[in-house]
Structures are given as C-alpha cells and as structure tokens.
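The structure appears right after this line, and notes come after that.
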Amino acid sequence: MFYLLKIVIALVVIIGATELSKKNTTLAAILLAMPIIFFVSFTLIWEESKNKSLVGALIQETTMYILPVIPFLFLFSYLLKSGFNYYLALLIAIVGITIGTLLMKRFY
C-alpha cells in the first residue's frame, strides 16, 4: 500500500507541475520548489521504521546534497537563456551536479 501511495504522490506532483507550467510558470515553480516530496518521503519512512535517528540522518544528508544542486540550476537557466540546446544544457547541469555531489560526499 505504501508503494502505491508513493507512486501516486510522485505522479500528482510531476503531472501537476507540468500541467500548471502550461498556464502559470510561477505557480509551477513554487510547486516544484516546495519540499513536498521531502516531507512526504520523510513521513513515509518514519511510518515504516519509527526510527528517529534514521530520519534525522536522512534529513541531514538530503540537506547537504541539495547544496551542490542550487548553483547548477542557475547555470542551467543561464545556458537555456543563452541559446544552448536543451539537452546539452541539461547534460552540463547533470555533470556539474554529479561532480558537486561527489565532492560534497568526499569532504562531508
């Protein structure tokens, strides 16, 4: 049952954001920026395990791994506005995020 709930929540957020972006990019961006998935995931993990230290560690690590993502979102946006091909800009952002995350993991 938990798997079905997880799938439904993820689908609602993804489909909601893509459909909303057709009408209002600001509202879609707010939906995507909200930590809905984080908190729902943390809650579902809590419900399955009742392990405070597990959820606490997961929250701390998630926070640390968000940090390298933020600069590459700005880069991704800049590249698109500068006329880069979407998939090339996406690849550059993904590679940057991957390197940033690996560096964060190594030094954290």
Side-chain angles (χ1 to χ4, degrees):
M1 182 63 181
F2 271 124
Y3 289 114
L4 182 60
L5 180 61
K6 293 175 188 179
I7 291 168
V8 168
I9 291 169
L11 286 174
V12 166
V13 172
I14 292 167
I15 292 169
T18 56
E19 291 302 314
L20 192 55
S21 71
K22 295 174 186 175
K23 299 184 181 353
N24 189 325
T25 56
T26 302
L27 289 177
I30 290 170
L31 177 63
L32 290 171
M34 291 175 61
I36 293 170
I37 299 300
F38 296 152
F39 290 120
V40 171
S41 297
F42 298 149
T43 302
L44 291 174
I45 292 166
W46 167 254
E47 287 299 323
E48 291 176 0
S49 70
K50 302 290 189 204
N51 185 336
K52 290 180 187 176
S53 60
L54 170 69
V55 175
L58 182 61
I59 291 168
Q60 185 176 7
E61 285 189 50
T62 300
T63 304
M64 292 305 297
Y65 292 130
I66 288 173
L67 296 176
V69 172
I70 294 169
F72 290 99
L73 290 175
F74 287 109
L75 177 63
F76 188 32
S77 173
Y78 173 78
L79 292 173
L80 291 175
K81 289 178 181 177
S82 297
F84 270 69
N85 174 285
Y86 176 84
Y87 291 106
L88 178 59
L90 180 63
L91 177 66
I92 292 168
I94 288 171
V95 168
I97 290 168
T98 302
I99 292 169
T101 302
L102 291 172
L103 287 172
M104 181 68 76
K105 183 176 181 174
R106 177 162 170 83
F107 295 108
Y108 173 67

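The figures that follow rest on heavy atoms only: side chains count, while hydrogens, waters and symmetry mates do not. Model, not experiment: these values are computed from the prediction.
What you find for A28 and A17 is that their closest heavy atoms are CB-O, 3.6 Å. I9 approaches V40 most closely through the heavy-atom pair CD1-CG1, 3.3 Å.
L44 is connected to V13 through a chain of hydrophobic side-chain contacts under 4.5 Å among Ile, Leu, Val, Met, Phe, Trp and Tyr, so both are in one cluster. Under the 4.5 Å side-chain heavy-atom criterion for Ile, Leu, Val, Met, Phe, Trp and Tyr, F72 and V69 are members of the same hydrophobic cluster. There is a path of hydrophobic side-chain contacts, each under 4.5 Å, that joins F38 to I70. Taking hydrophobic clusters as Ile, Leu, Val, Met, Phe, Trp and Tyr residues chained together by side-chain heavy-atom distances below 4.5 Å, M64 does not share a cluster with I66.
Separation of atoms OG1 (T62) and CG (L67) is listed at 11.0 Å; rounding is to 0.5 Å. How far CG of L75 is from CG of L80: 9.5 Å, rounded to the nearest 0.5 Å.
Remark: side-chain polar atoms of T18 are paired, donor with acceptor, to backbone N or O of I15 under 3.5 angstrom.
Pairs passing the ring-ring contact (aromatic ring centres under 6.0 Å, His included) check and including a residue from residues 82-107, sequence neighbours excluded, read F76-Y86.
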Can you give the donor-acceptor pairs under 3.5 Å from side chains of residues 94-104 to other protein atoms, not counting sequence neighbours?
from: T98; atom 1: OG1; to: I94; atom 2: O; distance (Å): 2.7
from: T101; atom 1: OG1; to: I97; atom 2: O; distance (Å): 2.7

Could you list the donor-acceptor pairs under 3.5 angstrom formed between side-chain atoms of residues 51-59 and any protein atom two or more places apart in sequence or on another chain?
from: N51; atom 1: OD1; to: S53; atom 2: N; distance (Å): 3.1
from: N51; atom 1: OD1; to: S53; atom 2: OG; distance (Å): 2.8
from: N51; atom 1: OD1; to: L54; atom 2: N; distance (Å): 3.0

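Between F42 and F39, the ring-plane angle classifies as perpendicular under the 30° and 60° cut-offs.
When the shell of 6.0 Å around NZ of K50 is examined, it contains more than 12 heavy atoms from other residues, nucleotides or ligands.
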